[in-house]
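So that the names make sense, note that chain A is the first sequence line, chain B the second, and so on, each numbered from 1.
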Amino acid sequence: MKLKYIIPILVMALGTVSCDFLDLSDPNKVTVGNFYQTEADIANVCAGIYQPFKDSHYFTRQDYFTDSYARVLMFLDPGVAGGENYAFCAHSLTNAHSFISNRYNSIYKSIDRCNILIKHLDDVTYEKATTRDTYEAEARFVRALGYFYLVSEFGDVPLVLSKPGSINDVYAANVRQPKEKVYQAIYDDCAWVLASPLADLQSANDCGRACKVAALVLDAKAHLQQATDPVFAARKAELCAAAKTSLDAAWAKKFFNKLEDINVTDAFDLETQKGSKENIFQINYVSGDTNNGGSIPLYFAPQSYDDESKSLVRDVSKYSSPCLMLKDKGDKIFPEADRTKDLRFINLIGSGIFGGSPVYYTRKYTDKATTTVYYGSDIVVFRYADVVLMQAEVAYHTGDAANAMKWLNMVRQRAGLDAVSGLSGNNLRDAIYEERIREFVGEGKAWEDYLRGYSHEELTNYFKADGAAMFGEKDFLFPIPYSQVILNPEGLPQNPGY
Amino acid sequence: MQRIIALIASFCLSMCMLFSVFAQDSKMTVSGTITTPEGVAVLGTSVVVKGSPARGVVADVNGNYSIQAAKGEVLVFSCLGYETKEVSVSTAKIDVILQEDSHFIEETVVVGYSPMRKSDFTGSISSVKSEELAKTSATVGQALVGKVAGVEVRQSTGAPGKGVDIRVRGVSSLNGASPLYVVDGYPASEDVYINAQDIESIDILKDAASAAIYGSRAAAGVVLITTKRAKASDRATITYDFSYGIQSSAHRIDLLNAREFAELYVDGYNNSYHAYCNKAGVEYNPNDDNATRILKTGKYGATLAIVGLSPYFWDFNTGTYAETAFMYDTDWQKEYFSSNAGIVHHSVSIKGGNDKLRYMASLGYMDQDGIIAPSNHNRITARINLDSQVTDKLSISLNYSMYDAKTRGVNAEGRNINDGATQCMLQSIPNVPCYYEDGTLAENFMLRLNTGAFYNEYIGPKADGTYWTDGESSFGIGSAQNPIAIAQMIEKNTRAVRNNLSVSATYEFIPDLKLKAMIGRQWILSRYTFYRPATLGIATYIPGFNDTTLENSYHYGYSDVDTNTDSIGELTLNYKKRFGLHHIDVLAGISAQKKDYDNLGMKAATYATDRIHDVTAAANTKAMEQRNMSRASWSLFSAFSRLNYSYDNRYTVTGTIRGDGCSRFGADNKWGLFPSISAGWTLSNEPFFKDNLGEATMVRLRASYGLSGNNNIGNYASIATISSGITSFGTTSYNTNYEAGFVDSGLGWETTRQTNLGIDLGFFKGRLNLIANWYNSISTDILYSMPIPSISGSTTTRTNLADAKIRNRGYDVQVDARIFEGDFTWVVGANLSANRNKVLSLGAAGNEILTTTERSTQSHITRVGHPIGAFLAYRTMGIMNQAQYEAVLSDREIFLANGGKFPEDYKLKGPAVPSYDLEMLMPGSVIYNDLDGNKTIDSDDREILGDAYPDFTGGFSTSMSWKGFDLSAVFSFSYGAQVVNFNDFYIYNMEGSGNQYGIVRERYRDEEHPGNGYVPIALRHGGKNTSMKMSDRYIDDASYFRLSNLTLGYTFPKAMTKKVNISSLRIFMSGDNVFTLTNYRGFNPEVDERSGVLSPGFDWGSYPLARILTAGLSITF
């Protein structure tokens, strides 16, 4: 070849650069524009709405916002991570606290996924007509659950019920809405679910999916939370009645006869929990599965166990600081006199040492089945004991002491405790709410429970006396994350005191 | 080019002479060879008898000449590009050495795509020639330190195989952009890997007008590297270079010894116990044993990790230090740094040519041990540059280069608890051994100080005969692993191979109208392997004591294989023409470039054995995880043009324009246009100037304005995509899909507009030169991952901040002087640069961007009116004395009585504090400035207390030579920058949980022993009120003055070496980083441990710089 032909060849080579030379698409990703095509795509997106539950500080480590904030579980080392973990039980949260923004952002991420699913449900056709509405029902339940936590922890919050299309839509929607509107959105979603073809309760194989009874419990819980909020005092009776309706409906759909037929450990035992008749909705983990295993047991382990057979995981060394412990709280939560009787104390509480001090720990999250660090203990979000105790709450709040004690005693008797009788007024109330604390240790309910049962003044005095000297009125709401407030200071004003 | 002109010129001259030669009486034949000082023949030299221009000849291609001349006549040897020499005829054989003419008028500069006459260049450039580069440096970048004005060359790490950070005229972006590197015309998107011996010159385009020819990639400057090529006249030579160096750590930090640490330990934990006693309202007694301490304060949140004393340090029975506390006194720095790490260079090159073919080939080898064993970098480089004149009109060039390197890295950087060896070294207490008596490494020792098993083994059972448990042994001692164990046991190996090939053909249609076509490709292959053995403990995981299984989450390895290719095709047309006094130089071209990334990585989480470290030894090959797996590409299609016009070498104007289309930009924004204009006026070529000041002075004024861009936005960032994952219902896994995040489809490049004004001055015929530039650059459309409301499902989205503006303004000055010439030469050079970085607006991102670095600390802030990533910290106001403490206690009464706040009109009696919790209040605590005066120390009291950008940087170099000896030195300095030494979070936290700076000896102990007035009280639970706040205590002055290189060489006389057929032989000794004068408390004031632009100047356990002492030689045959 004559070398002088090199130039024309090179020119031609450059000439082959075609118009689409610059239009490259990501070989690793499907784009949004061409994704939603088949029913299977929608099914995958529907499964994806449950994932943010496992994000840090949504359900993973939710206990800081509930049990620890209510000083049921204590964080014992003020120095860890600049004091962020300790700040919950010390009630020294700030607007820059990273757990708070994690939680706020994770919940909205979950809501966004639900909105995306709802937006694209009609992009495809379905083999069975009911499939579409089942997906929408799941999305609406997950969305409503998110708003329940947002409204009860942060107060007024932005309410986004459809996927914003542009950045301007996002800014327009980023405005705090009155609590009343948020509660109403929860009720609307729950009502939609109840009219849908979604299953009443899910089988062990579908453990982790939403169900109608879960929507009923959520509806009842939200009504009860609103009813006991001093802002809505005028509507208390009406809201309690609505809660009662949903609780009755939930109770009617149960698959067991009496609560005491179900063992107190049934909801937590790895062997039984996915199919437990008591459990209504749970965050599903799979033991030993690298993708679907969790690390929940490690968050509750002491440094050493008094009885190593009661360790939470197979390898006793695998406690993972930081952990939440019942510390010097045994007396209050489980009175000495009842300890030999209370099956929950006997079976679900262990004792050990943390930082040189004796502590009690919850054994609800135990997985000794796996040698890996991927644990299968589910987080139980709703179970029938909660329905029963909420029935007791509704009865108490509507002045029906007899029924309140009837429901309360169902839980007490199952736990092996004596029935209570003749209680009224604050004694009755304390019995119900103390029972809730006892029943749900480590389950992420305590703070909301306290808010329903006690006035701000009572709680302020209680926490101050308990050692949180700085507790004040501001602490009844979490701060809106600073990182969000600065994006819209007018539409997203900070809660007072932060 | 010079050579061709020279040939033509001498050809004409000799033709004239041929016609006019006539014989003369008493002449003899004089002959000889004309060479350069290196012994290379100078062909085409005209030899003329002075006064008789007709009597002359031209030397042949070997530099030989022969002429008729009489004794006493003077021969004039002249050749374009060389200084003319006159020799009086005395013998028949006259060999002549011609010196290159350094102020040769046609000197060219490399400015992108085609060289330009230096006299026509009106932008701003910094150039370094091969002979100015220190060849003993481990990398090319290090050789640039202190030499270039307007360019900051920072050695932020000393790890073998790691390069430098080059920052041209400040930081114009929020998301990081490094200069574009162009090696022999090939724009490479990554750092360069070149044997320093191969380099002919490095030219750095600084102003936007010069860089605009590289368009959307040029905003951070362009570094043009030209490698050596042979000249047509080069006789075949072989050059061999060798050097061997010894490296050692350049700086040691003052830390506590065993006794001092034990005192601090007991002091800190007792003080914490004291604080908790205050909280509990009980009496403090330092003699209380651990059980009593927990009994008295446990209810109030105290644990053994805060108030207990480990029996390793304290014996409660005797009320004094335990014997074990002083069993060892380890100097961890001595153990950590090798004192004799070697570095060896070999390089062989051959070079030669004739008018048809020219060749240069080299082979280099380097092996460098790091000062932290066993880190090592071993590489082979090779290069072949061929140039062939195929026909009169067609020439072809081929460049091939290869790089093959093996690097053994150590995990020096990062947090102690993430296996960061340097921090572990600083934090390791002297009271524990590095090696046991039998010579084996004492791994996990400090970690075990928190376990029951350790005390059972070391101290024996407790007093009551029972054994210690972990819960009773959790003494809160820091989790520092033995740093030598980390360095040795964590394996980080990189094997990287790069092959570059480019071929170009140039066709000259008519004289000086050239069409050039170039195609090239780079193949980049690398494999990175990482292995962490099960036997290395971390935090609470201590193998052999509480965990014996190999299957745990700390036993893992991975392997990443990257196969990347980069392809380019380029066509340029170039025309140069002189019409009388007019000179034009036109360039036009198109270019297409594409880069493909193909990355595969696997992680093995469990291993069946500790003996095989590759992922192949994974216990469960089916459970291997993906890691960094992706394929990606970007493509860039560009058209560009440059027009240069000059008149009479007095007025010059240059315009360039480039249009870039890039796959990275969003669909609405595919193309960007980058124009520039510059002009120059050579005042000294004006007749009036010459008339008044003569020829000895040169004055030139330059001005330029241009646009350049930054396309560093990642691939596919403008396309919304679907991600996938896995979830489960029951025990069954389900696939999930979800939208990956909010995307801005209009995403485009960042634009920088820069004005440059410059002056060039030359005095005494170029013996003293000064180049000065002032510039002002404004960057807009700043690329940024902007926070957006999380209700969008995302917390950030990547976008162009339309109204944001970042300004860099400054000047740079370079002065060079040849003070003496002749037998004794002395050349000095100095440069000074000043850059002021300022954020003028952040547009939609608001007023400030806070950056969280480590330990949830917002240490950096990018705030309008301040530089990018300034340091945000509390201002300290000394430490609290007893009287102030008591005043705070009385404030506290008011605070509590008023419901956790102060009455509006209350005036504090003591200093404001972050918390009124009793355990947080101790005399000797740090006092912080209550900036906003709201009577409490909160996040609003933080202020900007420094930044990582120096006020001035510069260098000073001097070199002299005399009779074969040469001595040179390069100094570099930086003034006015600060650094966040966040290692202080551990080694200046006053906790007594890990070792501390020596200055801690001067701490506050009590009212009678207040120390030096600024080191606070030792307190185990430091935290909020004392030492762990990000305050000015963590911010250090980063100014320094460094002797970067000192070289002494000797070149043997030619007469001596010629006898053994060596044309040149030089031996030398040199030192790199010889000394550094600085007030910085850490290892290296240039440290920059965080990669983000928003968090510069951050020390977090870096790999310190080495001092290198080298000896070497260079032989040319």
Contact part of [X] toward chain B, heavy-atom cut-off under 4.5 Å: side chain, backbone, both or neither?
X: A:Asn174; result: both
X: A:Ile167; result: both
X: A:Ala173; result: both
X: A:Asp169; result: neither
X: A:Ser203; result: neither
X: A:Phe471; result: neither
X: A:Phe53; result: neither
X: A:Leu24; result: both

Can you tell if the side chain of [X] reaches within under 4.5 Å of the side chain of [Y], non-hydrogen atoms only?
X: A:Pro27; Y: B:Tyr716; answer: yes
X: A:Leu22; Y: B:Phe665; answer: no
X: B:Ser790; Y: A:Lys109; answer: no
X: A:His120; Y: B:Glu739; answer: yes
X: A:Asp23; Y: B:Lys670; answer: yes

Contact origin within [X] toward chain A - heavy atom pairs under 4.5 Å:
X: B:Leu295; answer: neither
X: B:Asn735; answer: both
X: B:Ala720; answer: both

Shortest non-hydrogen contact between [X] and [Y], atoms and distance:
X: B:Ile791; Y: A:Pro158; result: CG2-CB, 4.0 Å
X: A:Ala47; Y: B:Tyr734; result: CB-CB, 4.3 Å
X: B:Phe742; Y: A:Pro164; result: CE1-O, 4.2 Å
X: A:Lys29; Y: B:Ser723; result: CE-OG, 4.2 Å

Using distance alone, with no hydrogens and no angle criterion, decide if A:Asn292 and B:Ser733 have a side-chain donor and acceptor under 3.5 Å apart.
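There is such a pair between these side chains.
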Check: B:Thr727/A:Gln51 side-chain N/O donor and acceptor closer than 3.5 Å
no
Chain A: which of [options] shares the most heavy-atom pairs with it under 4.5 Å?
options: B:Ser633, B:Ser939, B:Pro789; value: B:Pro789
options: B:Ile719, B:Ile788, B:Thr732, B:Thr795; value: B:Ile788
options: B:Thr721, B:Ile722, B:Leu304; value: B:Ile722
options: B:Val307, B:Ile294, B:Thr736, B:Asp744; value: B:Thr736

Quick one: list whatever passes side chain to side chain donor-acceptor pair (under 3.5 Å) with A:Arg176, sequence neighbours left out.
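If we apply the side chain to side chain donor-acceptor pair (under 3.5 Å) test to A:Arg176, skipping adjacent residues, the hits are A:Asn495.
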Rounded to the nearest 0.5 Å, what's the gap from [atom1] on [X] to [atom2] on [Y]? Could you check?
X: A:Lys464; Y: B:Leu896; atom1: NZ; atom2: CG; value: 8.0 Å
X: A:Thr94; Y: B:Asp938; atom1: OG1; atom2: CG; value: 9.5 Å
X: A:Ser483; Y: B:Leu850; atom1: OG; atom2: CG; value: 10.0 Å
X: B:Ser635; Y: A:Phe21; atom1: OG; atom2: CZ; value: 4.5 Å

Working for side chain to side chain contact (heavy atoms under 4.5 Å, CB included), residues B:Met629 and A:Asn28:
CA-CA 9 Å; B:Met629 277 197 178; A:Asn28 311 111; over 6 Å; no
Using a cut-off of under 4.5 Å for heavy-atom pairs, which of [options] has the most such pairs with chain B?
options: A:Val30, A:Val286, A:Ile353; value: A:Val30
options: A:Thr290, A:Ile111, A:Thr31; value: A:Thr31
options: A:Tyr50, A:Phe35, A:Tyr171, A:Tyr482; value: A:Phe35

Side-chain donor/acceptor of [X] to backbone N/O of [Y], under 3.5 Å:
X: A:Asn284; Y: B:Gly730; answer: yes
X: B:Ser792; Y: A:Val170; answer: no
X: B:Asn737; Y: A:Asn44; answer: no

Can you sort out the partners of A:Arg209 under salt bridge (charged side-chain N to carboxylate O under 4.0 Å, His left out), two or more places apart, ordered by chain and number?
A:Glu138, A:Asp206
